[in-house]
Every structure is written in C-alpha cells, then in structure tokens.
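Only this structure's heavy atoms are used, side chains among them; waters, hydrogens and symmetry mates stay out. In this text the structure is predicted, and so the values were computed from the model without any measurement.
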2 protein chains.
Amino acid sequence: MPAPQPYDQAAEQEWLASYDPHAYTPVAVTVDVVALTLRQGSLHVLLVERAAPPYQGYWALPGGFLRAGQEGLAEAAARELAEETGLLGTADAEAALSRVHLEQLGSYGAPERDPRMHVVSVAYLAFAPDLPDPQAGTDAAAAAWHPVSSLDLRPAAGQRPAGAPDETHGGGFDGHAGGEVPPGSDGTAPPEPARPRTALAFDHATILADGLDRARAKIEYSPLATAFLRHDFTIPELRAVYEAVWDEKLHPGNFHRKVLSVPGFVESTGTTAERGGSRGGPRARNYRSGDAALLHPALLRPAHEDEIR
Amino acid sequence: MPAPQPYDQAAEQEWLASYDPHAYTPVAVTVDVVALTLRQGSLHVLLVERAAPPYQGYWALPGGFLRAGQEGLAEAAARELAEETGLLGTADAEAALSRVHLEQLGSYGAPERDPRMHVVSVAYLAFAPDLPDPQAGTDAAAAAWHPVSSLDLRPAAGQRPAGAPDETHGGGFDGHAGGEVPPGSDGTAPPEPARPRTALAFDHATILADGLDRARAKIEYSPLATAFLRHDFTIPELRAVYEAVWDEKLHPGNFHRKVLSVPGFVESTGTTAERGGSRGGPRARNYRSGDAALLHPALLRPAHEDEIR
DNA sequence: TTAATAGTGTCTATCAGACACTATGGG
DNA sequence: CCCATAGTGTCTGATAGACACTATTAA
C-alpha cells in the first residue's frame, strides 16, 4: 500500500478551505469525568464546585481542557480525575487510582451548552473503590462525593433544546432517562418529604444520567462491579454493589449461586471475612476478581415491563 | 435555582488561564460516520476516496468539520452523511435518509491520529436500508459502498501507539477487535486465496471495527435490525440482516419463532410477499417494525467460548 | 418433478427466580 | 437467647437450540 503523503501545509489550507470557511471558528474540547464510588452503601459521584462564572457556585463534573497535541482523550480524563481532586501525590492514593476503571461515555456538543463558546465535551465514566475525600483543584472552590440520590438529574432548563438533542444511547439498553424517576422512589414507596435536590452546571445532569444508565447496563455484562470493591471482597459485598447501582433489592441466595456459576467472574481466596454481617451471621468467604472480561451468562436486571418501550 | 451568570469575557480569560496555557493551542473537531447497509445480502459501509493529502487516494469514512456554533454533533453527522454522498436533493433520497438510524459511536482523539494537527473525531454509526449509489462530494474523489469483508480492519501502522489507546468499549460486549479475524473465515472454512484488503485512512479501520462491534451488539437488544430493511419485510429478510451483521448462519425455524415471541418487535401487515424464496418455497408473510424500543427477551448471538475473555 | 424454503410442533438442557432450610455469630 | 445473615437444596416456569415434519413454490 502507498505510504501516506508527508505534511504539506499548502494542501492542508486548500483542504480546509474546500470544506467550509466556518471550520476556522474555534471549538473547544473538554473532558469531563463521571466518577462513581460506593460510600456507606450508596452510590456517590465526584463533583466540584465552580469557582467562576458561568454557573458559579454550582456543582459540576470534574473536567477541563484537552491539552492539544499532548495527550489523548483517555489520558486527559485520567489526568483530570487525579488533578482536580487532589487524589495524587501520596503513594496510597496513586495505588487507589491505578485500580480505577475508566471508559469513554460519550460526547456532548450542542452549540449552546456553554454560554461562552461552542464546547465539545468528551465524557468519561470511572468506577472506583471507596476513595478518600478529595481536595479541590486550583480552579474549583470545593470537591466532594455527593450521593447520587441527592442530585437533580433532569436536564437543566435551557439545555438540550428540541431539535438538537445529541444521541448518546451508546451502550445504554434502556431508553429511560434515569433521572425521570428519582432513585429510591419506585412507585410503591410512600412519597418522601420533598428534599430539594442539587442542580448541576451546564448539561452535566444529562451526562450524569447517561453515565448512570451506562453503569447500570455495564455491570450486567461485565465484571466491572468488582471495580467498586477493594482487592478482596465477599459475595454479599458484591451484592451490595449491584443493589446500590441498580437500586434494587436482590435475592441473596440466588445472587450467590449465580455469581459463582459464571466462569471467571470471581475466584476464591481461601480466606474468610474477619466479621460476620453487621447484625450477626456467619463470616462470608473472600473472593477476588476473576479473569473473565465478559459475564456469560449475564446477570440481568430484574425486568420492569414499563421500561421496555 | 440561581440563573447562570451572563457572559463575562474577563472572567472567561481568567478561567481559561487558570486551567492551562496550552488550552489555546487549537484542536479541530470533526464528525465521521460509519454508515452500514445491506447490499446483495452482505454488509457494506459507505466510504469516500480522499482527493487530497494526507492519505490521498485512500478510502476513508465520510466526515468533516463540525460547524462551530451552528450545529450539534448529531446534526453534523446527518449533514455529512447527506452532503458527502449526494444522497440529498431528490424527494426519494430524502425519504430514504429520514429512515436512517443515527447514534453516537465514540470519540477518537489521539494527538497523532492526523499528521497535520490534533483532531478529535466524533464518530457516528448509521443503519440504512439499501440506498442508491452515492455521488462524491466536492472534497472527495469518489464515494461508494464497500463490502465490509473487502476491508482491512487492523489498525493502520503508526496509529494507536502503545500507551495512548482511546477507550471505546462503550456498548460493546465482546472484547475482540472485530478485525482480527476476517469475516467469512471462521476457522473451519478452507483458507481463501489471499485477496488484498483495502486499507483505510487515519484510524478509520479502528473506528469501523468499533462500529461493527457496536452494530453486532445493538441488534441483540434493540429492534434496529429493521432499520436495514424497507417498511414491509418478511421474517426471512430480517433473518438475513442478522446473518449478515453477525456473519453467522441462524436456524430458520427457531429464529422465526423467537422473533414473533418478542413483544413489540414486529407486527403483521396481513399481506404476503410477492414471491417465494429465490430457489422456491412458500411466500412469506409481511411484517413491519413494532413499537418496542428494546427487545425482551433479547436475541442473543450464539455463544463462542473464545470470545468471553 | 425436484429441491429449497416458510412455518409449526416437540423435546431437552439450561437458567432465573421463588421458597425452604441449615448453620453461624453479633447484640 | 434471638434474629439477621451466609450459603445450599429444590422446585417451577421460561427460554434456547436441536430436530422433525408439513406445506408451498421457483426452477
């Protein structure tokens, strides 16, 4: 096959011009991270408080500009995650970061999603074991883990006008928005006293909702639920991950048998947990993540008829 | 909730500067489309021949620059698909385009993926019914549907250097690259006379491979296989779609029963096809796409043990 | 007439989920 | 002691896939 032509500036100018003169209008590229972890048994997301306008004082996903010519998208996401949260420096924190799973979630590029200029944001999704409290980066007023249930996941007003929604169904298998029904209210529970939910900056509520959908689907087919746990874990701890992410109670006995029946999902360490359950019971056996990259058969979520169409 | 602050140029400068001075280095954003269709029973992808360096004379995915401030990502993808292929203008072609399914595939942003500058490409995946032969746009020497099996899906040399691969597993459930085993050779078939496969420009082989993986996974859980067919279709025609995309022979009887057992997948039109099979047989009944957005239960691919891990 | 094909019936192995049961250990 | 919990056994209904069979139509 012929070798690619070397760089030719004149040809580039001609090529660019032949496309569209507007190609020279600047577009900014940022990388945002939906970092999920489990704290006290519930799903939390890492947020930073914006120190400058627009959306000053709002909480937002950690992120920042792609360093042009210097890094790829996944590299930028890993850098932002480490940098914006202060989860860097100590050997302990770096070891924790090395266990974080990072995958691309999708890109968001509606022209009006940032009031200053057209910004295309490439979102990444991270699964992390329980991490220490973060330190705010230089550009953020604060950084903290927020319970997902405390956030308003409806698209912010003014975002995603009709006619220009970005398709981001990639990998998501249910069409529901994830934020339309607040986690914790499943229709049968008594109506909670309406506690105000925190609104997010830009279209980050939409990105977070997409990330949650992805996470819920991902742990069905991949062993990534173990990414929320430390090296050794018990089956009940793994079940707690599924219950937190899906917001569903699972049958302990059936879950146990199903996990062990999937080849390569977990492997026994031969040890047992130090203590039994919080309210008594036998000590559970310890397991570590197996070598399977995909679960077969999958651990499917309980079907809800109203989510099919 | 407080209203967003109005535009404030001074604050923006400060905000940008606080991130990183390199943020001002330009990054270009393009949108590329993996458009798949069925022709003569096999899967084809739309490609354009590059008229200018780099990769002059190579075939590439149709795409182009995002029009900053004017359009969202999905809009740009739809525009490129229409524009670069001449599939616009006639009422017939526009009707065909309106039936095309478009979804975001992923973004590719390794610094060296384009030799001229750092280009972040947002890839879209399109499923289309059999479309007419395309017309090349102004910037392409030619445009044509290529059989997927005639293409070299291995990453091009020099692309994706170790250490900076972009994670694009989103929605893909099998970890295999899709191009490592050429479609049509399943290990049992006799070795074909090695016909040279067409190499693609940039990292488009990787993008195409990811798109094929996504397509193969997507038709398991969604009724999108019908997007490859015209309004009315028969179950054997639908089966041909699955067989082409998965490159697997399926059991006609079991497939028929399974499709009809999934609520909302297809609904009967009451009519029957004009002709029987190409080599005889009864006339099949016609169906149209149902109202389900997700297939439950799913039409899972036949399991191959070697793809699990 | 022949052979390929549409569509249905039936059997079996597997799996998801419900339920029951025991054994263990914290409060 | 009490009771929540870990883990196992067993049953039932749904499903995937193999195979058999008929009815229909192009060549």
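- Counting to the nearest Å, the C1' atom of D:dT5 and the CZ atom of A:F255 are 15 Å from each other.
- We find that CG of A:L260 is positioned 15 Å from C1' of D:dG9, with the value rounded to whole Å.
- Distance, B:R301 CZ to D:dA16 P: 15 Å, rounded to whole Å.
- A:R285 has a side-chain polar atom (N or O) that falls below the 4.0 Å cut-off from OP1 or OP2 of D:dT8.
- Side-chain N/O atoms of A:T271 and A:N286 include a donor and acceptor closer than 3.5 Å.
- In this structure, A:R214 contributes its side chain and A:L105 its backbone to a donor-acceptor pair below 3.5 Å.
- Between the C1' atom of C:dG7 and the CG atom of B:N286 lies a distance of 15 Å, rounded to the nearest Å.
- For the contact set between residues 225-245 of chain B and DNA chain D, defined by any heavy atom under 4.0 Å, there are no members.
- Taking only side-chain atoms of A:N254, from C-beta outward, the nucleotide of C:dC19, D:dA16, D:dG7 with the closest atom is C:dC19.
- One can place NE2 of A:H251 at 19 Å from P of C:dC15, the figure rounded to the nearest angstrom.
- Between A:R283 and C:dG25 there is a side-chain polar atom (N or O) within less than 4.0 angstrom of OP1 or OP2.
- Using a 4.0 Å cut-off between charged side-chain N and carboxylate O, B:E220 and B:R301 make a salt bridge.
- Atom C1' of nucleotide C:dA18 and atom NZ of A:K258 are separated by 13 Å, given to the nearest angstrom.
- Under the 6.0 Å cut-off for aromatic ring centres, B:Y221 and A:Y221 qualify, their centroids lying closer than that.
- Atom CD of residue B:E243 and atom CZ of residue B:F255 lie 8.0 Å apart, to the nearest 0.5 angstrom.
- At least one donor-acceptor pair under 3.5 Å links the side chain of B:T37 to the backbone N or O of B:A128.
- When the nucleotides D:dG7, C:dT24, D:dG17 are ranked by their closest atom to the side chain of A:A284, D:dG7 comes out on top.
- In this entry the distance linking NE2 of B:H256 with P of D:dA20 reads 20 Å, nearest Å.
- To the nearest angstrom, P of D:dA6 lies 13 Å from CG of A:L250.
- Residue A:V262 comes nearest to A:H296 through the heavy atom pair CG1-N, 3.7 Å, listed as atom of the first residue, atom of the second, then distance.
- Checked by distance alone, A:R257 brings a side-chain donor or acceptor within 3.5 Å of a matching partner on the base of D:dT10.
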